[in-house]
Amino acid sequence: MIKFLDLHKINERFRNEINGAIKRVLDSGWYLQGKENEAFCQNFATYCGAKYCVGVANGLDALNLIIRAYGFGVGDEIIVPANTYIASILAISQNGCTPVLVEPDIKTYNINPDLIETKITPRTKAIMAVHLYGQTAQMDKINALAKKYNLKVIEDAAQAHGAYYKGKRTGSLADACGWSFYPGKNLGALGDGGAITTNDNELYQKIKALSNYGSHKKYEHLYKGVNSRLDEIQAAILNVKLANLDKDNARRREIAVFYRHNIKNQLITLPSVKNEEFHVWHLFVVRVGQRDKFIKYLADNGVQTLVHYPLPPHKQGAYKEWKKMSLPVTELIHKEVVSLPISPVLTDKEVQYVVEMINAYR
Ligand SMILES: *Cc1c(COP(=O)(O)O)cnc(C)c1O
């Protein structure tokens, strides 16, 4: 069986270094807000080409805290792609803001920048740009609109660690960026983790305090903050994995190139890539009409696939108020997408086999 994602195999490659990292924390007797967190934040900010990084508990908190730190709340609107993982939208709702959904481009699956302007109202405060599946959104157009209307741009890079856009990395393409280190992401911890990167010192200081009980100084609380921290063990592990991220992304890219050149089946729509973008292939997503049949066929032939995602956020029970909303491009994508196995530990033989199976599908 070719697994969709073999997390054990992914982390097994770093067993000794991870053991060393955990032991270092155990021996130090210091488990939160210490040297490991500081080192990781510094390394990760440098990696992204950003000035500042705050480690937090998860990706949802990262996005949530950015919005809160900007002071956006009830009555404010934030533009967000309709075609995203629900966390992007939940972060907006949790602050009392109104998420304004925008349809994706059917080619890239990312937000269609040409549809954003008509959604801007006097209440709009920000645009959230999600780099879905590992490919950056069209940041030039999004940033230009934001400038014109004086809006903030927030990146959701939970699926795009290390991706480039016109020579700059995700995490430094807008005003602030939310990150997730959920185990299955391109940069994954052995548990939950998240971060914010930004070049804005004021925002950085505020998020740092908000994430630690609103405290900028021990026992002095400026805000009604939350407890959302990246613990020392996860930070130490992430430092090990960050050093290997580019190599892992290069392998993902190699597999993606192989898939794109060798999968030849009229029933399958392959993903399209823009040249100026360095895609990091968090997911390799194809579209197919009779999805269930295709998934079963591959499973019967020993290839595990997943669907990202089967039901769009506006059709979820959590957003009953949007039940009647019609977003045909988003709905079509959710009906047809299938994610093929892609990860740095797939072998050439496995990749070849997946291609053969797909090409034989009728
Ligand atoms: C994974 C993910 C998140 C949330 O990250 P968590 O760490 O699981 O909270 C947010 N946005 C996108 C696009 C994601 O894929």
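For ligands, and for the atoms within them, numbers begin at 1 and follow the listed sequence. Below, all heavy atoms of this structure are taken into account, side chains as well, without hydrogens, waters or symmetry copies.
With a 6.0 Å cutoff to the six-membered ring centre and a 45° limit on the axis angle, Arg287 does not count as a cation-pi contact of Tyr109.
No hydrogens or angles considered: nothing links the side chains of His131 and Thr170 as a donor-acceptor pair under 3.5 Å. A donor atom on one side chain and an acceptor atom on the other are found under 3.5 Å apart for Glu103 and Thr330.
For ligand 1, the polar-atom distance check against Gln159 finds a nitrogen or oxygen pair separated by under 3.5 Å. Residue contacts with ligand 1: Ser180 is placed with a nitrogen or oxygen under 3.5 Å of a nitrogen or oxygen of the ligand (distance criterion only). For ligand 1, the polar-atom distance check finds an N/O of Lys185 within less than 3.5 Å of one of the ligand's N/O atoms.
Residue-level proximity to ligand 1 for Leu60 is carried by backbone and side chain together, each with a heavy atom below 4.0 angstrom.
Ile22 and Leu242 are not part of a single hydrophobic cluster, where members link through side-chain heavy atoms under 4.5 Å apart.
Ring-centre distance between Tyr85 and Tyr182: not below the 6.0 Å cut-off.
For atom 3 (C) of ligand 1, the choice among Ser88, Ala158, Gly59 with the nearest heavy atom turns out to be Ala158.
Residue, atom and distance of the protein heavy atom nearest to atom 4 (C) of ligand 1 are Ala87 CB, 3.7 Å. For atom 13 (C) of ligand 1, the closest non-hydrogen atom on the protein side is Asp156 OD2, 3.4 Å.
Every side chain to side chain contact (heavy atoms under 4.5 Å, CB included) that Arg362 has, sequence neighbours left out, goes to Asn265.
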